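A short worksheet on the structure shown next.
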Amino acid sequence: MATLSLEIITPERVMVKEEVDMVEAKGELGEFGILPGHIKFLTTLDIGEVRYIKGDKIRRIATSGGIGEVVDDRVIFLLETAEFSEEIDIERAKRAKERAESALKEIPMDTEEYRIYELALLRAISRISVASKGA
Amino acid sequence: MATLRDIKRKIGSIQSTQTITRTMKMVSASKLRRAQEELEKITSYATKLEEMTDRIIAWLPKESHPLLSEREEIKRVLVVAIASDRGLCGGFNMNVSLSVENFIARNKSQYERIGVYVFGRKIREYLQRRKLDIVREWTDVKKVDDEVVLTITDEITRLYQEGEFDRVYLAYNHFVTPVKQTLIFDEFIPIKSSSQQEGLDYLYEPNRESIINLLIPKYIKTRLYYAILDSQTAEHAARMAAMENATNNCGEMVSTLTLAYNKRRQESITREMMDIVGGAEALRGE
């Protein structure tokens, strides 16, 4: 069976470089999946979960977004930041979520700061959700 | 003529210089190791992003982003020159300074204005002495973080977009190995692709504009950040090599001077002995 060669790279490290069966991620238009034979494809990646399936194993990654390219069964994800589910410090993520939530209550909407906290909240939520699903 | 004491003092001074250069070499070696780790971290990201950008922009119409289209008339060019704040690193700063100076000398007649965007105190001093057109300078940047790089990126992009300059070059030292650094002098903006269009065009999601608007600034920023890190790593390597040489040269000088010192000392002993023997002979003769 054909496989995808997946590379997930952040400015910090090369996270994944292996052959996988399927990749799923979240773009601006919603979640999408990539299987071998996919059309040439370019997408922005949103804050959320990236997961890939290899055999009967699923690995989950929480990311703060980036850009993804698919060409001839080669998938390259360049992510700003990313963590495997087992690396996530769930307590820290929860604290970040609370902090962002309480800040959002006080800051007026439509400000730069509001947007920053909103993104922080989204990141925290995505990390908590990825971490709680487990590896 | 140098007396025995003069030579001894000189040896002492060279030895203390040697201690300094040796220490500097060791400091550079450990800084180099750390810089190399930092550089390695981002290398794969930067190269992948560069390859990807190269592939993608082959498909983009030139007018789809202002940083892609070549201007018809190139009147003003900008050179972004990255070097360091400190010297004692061999030809490191000089390489970049000279390449910029030569570039300006070669192309002066062709362009209306050639500006230099400077990063590093040493190169600023050099260009200032030659009264060259310095557009902006960055010196004493303690830590090159996201914020610094973002500011530089924005400034350069703005200078280009507002028509202040029609082309931007990038000049810095590239770290190859700890003993080898090469000078890079590349065209930076407008971004050009070396790839050919192959197969079908991409499917863009959500659409081409948002991909371009994400990709191009990211590319410029990463390229600059990578160049600065690369240059810093090269600087530590260059300093390490320079200090290694200096330490060796000090050693050579010390041994030459020690030889001279010993010869001189022996001479004076011989002379004293002759005096004594001569005196004794004279006394016995009476």
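Residue numbers start from 1 in every chain, and the chains themselves are labelled A, B, ... in the order their sequence lines are given, proteins ahead of strands. Bear in mind the structure is a predicted one, so any value in this text is a computation, not a measurement. Scope of the values below: all heavy atoms of this structure, side chains included, with no hydrogens, waters or symmetry mates.
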Heavy atoms under 4.5 Å from chain B: which residues of residues 114-126 of chain A carry them? none
Is it the case that more than 12 heavy atoms not belonging to A:Lys17 sit under 6.0 Å from its NZ atom? no
Quick one: do A:Leu78 and B:Lys218 satisfy side-chain contact (heavy atoms from CB on, under 4.5 Å)? Show the steps, please. CA-CA 11 Å; A:Leu78 297 176; B:Lys218 203 193 282 282; 6.0 Å; no
Checking heavy-atom separations under 4.5 Å from chain A, one finds in residues 33-50 of chain B B:Lys41, B:Ile42, B:Ser44, B:Tyr45, B:Lys48, B:Leu49
Given heavy-atom pairs under 4.5 angstrom as the criterion, report whether the side chain, backbone, both or neither of A:Glu12 touches chain B. both
Name the member of A:Val14, A:Leu42, A:Ile9 that forms the most heavy-atom pairs with chain B at distances under 4.5 Å. A:Leu42
Just checking A:Lys40: does its NZ atom have more than 12 heavy atoms from other residues, nucleotides or ligands closer to it than 6.0 angstrom? yes
At a heavy-atom separation under 4.5 Å, does A:Ile76 approach chain B through its side chain, its backbone, both, or neither? both
Using a 4.5 angstrom heavy-atom cutoff, name the option from A:Arg13, A:Glu69, A:Glu28 with the most pairs to chain B. A:Glu69
Could you name the residues of residues 200-216 of chain B that have a heavy atom within less than 4.5 Å of a heavy atom in chain A? B:Leu200, B:Asp201, B:Tyr202, B:Leu203, B:Tyr204, B:Glu205, B:Pro206, B:Ser210, B:Ile211, B:Leu214, B:Leu215
Those residues of residues 77-99 of chain B, ordered by number, that approach chain A below 4.5 Å (heavy atom to heavy atom): none
Is it true that atom CG of A:Asp110 has more than 12 heavy atoms of other residues, nucleotides or ligands lying nearer than 6.0 Å? no
Counting only heavy atoms not in B:Gln196, do more than 12 fall under 6.0 Å of its CD? no
May I ask you to check whether over 12 heavy atoms, not counting those of B:Asp146, lie within 6.0 Å of atom CG? no
